[in-house]
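Scroll down for the structure; my scribbles are underneath it.
A, B, ... follow the sequence lines: proteins, then strands. Residue 1 opens every chain. These numbers come from a predicted model, not from an experiment.
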There are 2 protein chains.
Amino acid sequence: MVAFHEAVGASLGVTAVDQRALAVIMGAGSVSAGELAREIGLTPGAVTGVVDRLARAGLARREPHPEDRRRLVITAAPGAFGDTFAGLGKAMAQLTDRYSSAEQAVIADWVARTIDVLREQTRILNARSRP
Amino acid sequence: MVAFHEAVGASLGVTAVDQRALAVIMGAGSVSAGELAREIGLTPGAVTGVVDRLARAGLARREPHPEDRRRLVITAAPGAFGDTFAGLGKAMAQLTDRYSSAEQAVIADWVARTIDVLREQTRILNARSRP
DNA sequence: TAATTTAATTCAGCATACTGAAATGTCGAT
DNA sequence: ATCGACATTTCAGTATGCTGAATTAAATTA
């Protein structure tokens, strides 16, 4: 999975950090530059570059905030990963079809819990290395 | 999962490439510096740095080749990820216990097939970006 | 034995992305 | 209307890791 993400990055000209930023953006729906900076642990100055690269790759949009003209509204571009993830989506859909709905439920449960485990372990590691 | 790997890297002072190199080393059992260079797509000069970092982190060993003294025998250090992955291993073992052996079989099957899908999609992406 | 090829390392030069600070433009409060 | 606070960008300086070439050492070939 890590190799796949590296390949996606190389293919689109974005870094690993950029992709994590995009995940944050998609998770939140939309964020400001400052929120993004706090969320991914970078300075505001670095976020400009992150959003630049995501926008250039067609993965995110940078729009003015309707009420506060200092702020940005950063959103994921609709169908952001379109071409890049189309192959994966199709292959995974095909894979899913091999299982009964009961089996799919078990798999979904396991995946959700595995994500929780990874999140927690990531938190622990990060706490250890930058306390 | 990508965030976890980044955290592992930060915690051990190794890069994403280093970790992929380690995966290659573990997969092959042992490799020479030149083989590693070809495998991960770097110049021999860069491989010196990769092995330096892996060795410094205690993840790999650099030993002389018994028959050809120009070559290196690079191996993964026994119990390489020990501390770093101990928490993950324990948590995942606990998670596994929640499922019946029939369910575990379904999950294992899905994971194996998902890995195949990711491998294939990675191959396709890499072929597209560096043809 | 001498010449050539091969393996790994070193090093200068280069590219990339981050930090920290200054600059710009905008909001809210007095 | 002015002042201070805030959001983002810009920019110089810095760190990191890669390439490509030169270097060292060892094996192979003549």
Side-chain angles (χ1 to χ4, degrees), chain A residues 2 5-22 24-25 28 30-57 59-75 126 129-130, chain B residues 2 5-22 24-25 28 30-57 59-75 126 129-130:
Chain A
V2 172
H5 270 260
E6 281 178 23
V8 170
S11 163
L12 295 173
V14 299
T15 69
V17 171
D18 298 341
Q19 295 184 66
R20 214 173 65 228
L22 184 57
V24 169
I25 296 167
S30 78
V31 294
S32 71
E35 288 166 350
L36 194 53
R38 278 188 295 279
E39 204 66 37
I40 60 181
L42 293 180
T43 59
V47 168
T48 300
V50 170
V51 179
D52 280 349
R53 287 188 294 274
L54 288 177
R56 175 152 25 92
L59 298 176
R61 303 177 102 90
R62 193 196 243 126
E63 286 160 7
H65 192 286
E67 293 167 6
D68 186 340
R69 288 194 293 179
R70 294 170 303 180
R71 264 181 234 185
L72 289 181
V73 177
I74 303 167
T75 54
N126 283 332
S129 60
R130 35 177 154 112
Chain B
V2 173
H5 269 261
E6 281 178 23
V8 169
S11 163
L12 295 173
V14 299
T15 71
V17 171
D18 297 342
Q19 293 184 68
R20 215 173 65 227
L22 184 57
V24 169
I25 296 166
S30 78
V31 295
S32 71
E35 288 166 349
L36 194 53
R38 277 188 296 279
E39 204 66 37
I40 59 181
L42 293 179
T43 58
V47 167
T48 301
V50 170
V51 179
D52 281 350
R53 288 188 294 274
L54 289 176
R56 174 152 27 92
L59 299 175
R61 304 176 100 91
R62 193 196 241 125
E63 287 161 7
H65 193 286
E67 292 167 7
D68 186 339
R69 289 194 292 177
R70 295 169 305 178
R71 266 183 233 185
L72 289 181
V73 176
I74 302 167
T75 55
N126 282 333
S129 61
R130 35 178 154 108

field: Partners meeting side chain to side chain donor-acceptor pair (under 3.5 Å) with A/Glu35 (sequence neighbours left out)
entry: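 For A/Glu35 there are no side chain to side chain donor-acceptor pair (under 3.5 Å) partners, ignoring immediate neighbours.
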Output a table of nitrogen or oxygen pairs between the protein and nucleotides 27-30 of chain C separated by less than 3.5 Å.
unit_1 : atom_1 : unit_2  : atom_2 : d
C/dC27 : OP1    : A/Arg69 : N      : 3.0

field: Minimum-distance nucleotide to B/Leu42 side chain [options: D/dC18, D/dA7, C/dA8]
entry: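 Side chain of B/Leu42 sits closest to D/dC18.
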To the nearest 0.5 angstrom, please state how far the [atom1] atom of [X] sits from the [atom2] atom of [Y].
X       : Y       : atom1 : atom2 : result
A/Leu72 : A/Arg61 : CG    : CZ    : 14.0 Å
B/Leu22 : B/Thr75 : CG    : OG1   : 10.0 Å
A/Ile40 : A/Ile25 : CD1   : CD1   : 8.0 Å

- line: Per-nt protein contacts along nucleotides 9-17 of chain D (heavy atom under 4.0 Å; B base, S backbone sugar-phosphate only, - none) come out as BB------S
message: Without decimals, in angstroms, what is the distance between A/Ile40 CD1 and C/dA17 C1'?
response: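 In whole Å, C/dA17 C1' and A/Ile40 CD1 are 12 Å from each other.
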query: What is the distance, rounded to the nearest whole Å, between atom CG of B/Leu36 and atom C1' of C/dT9?
result: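 Result: 15 Å.
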Pairing residues for B/Arg71 by the side-chain contact (heavy atoms from CB on, under 4.5 Å) criterion, not counting sequence neighbours: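 Only B/Ser32, B/His65, B/Asp68 meet the side-chain contact (heavy atoms from CB on, under 4.5 Å) criterion with B/Arg71.
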field: Partners passing side-chain contact (heavy atoms from CB on, under 4.5 Å) against B/Ala16 (at least two apart in sequence or in another chain)
entry: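 A/Glu6.
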task: Can you see which heavy atom on B/Ala57 is nearest to which on B/Val14, and at what distance?
output: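 That would be CB-CG1, 3.8 Å.
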Residue pairs, two or more places apart or on separate chains, that pass side-chain hydrogen bond (donor to acceptor under 3.5 Å, both in side chains) and touch residues 36-57 of chain A: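 Every pair satisfying side-chain hydrogen bond (donor to acceptor under 3.5 Å, both in side chains) with a residue in residues 36-57 of chain A: A/Asp18-A/Arg53, A/Asp52-A/Arg62.
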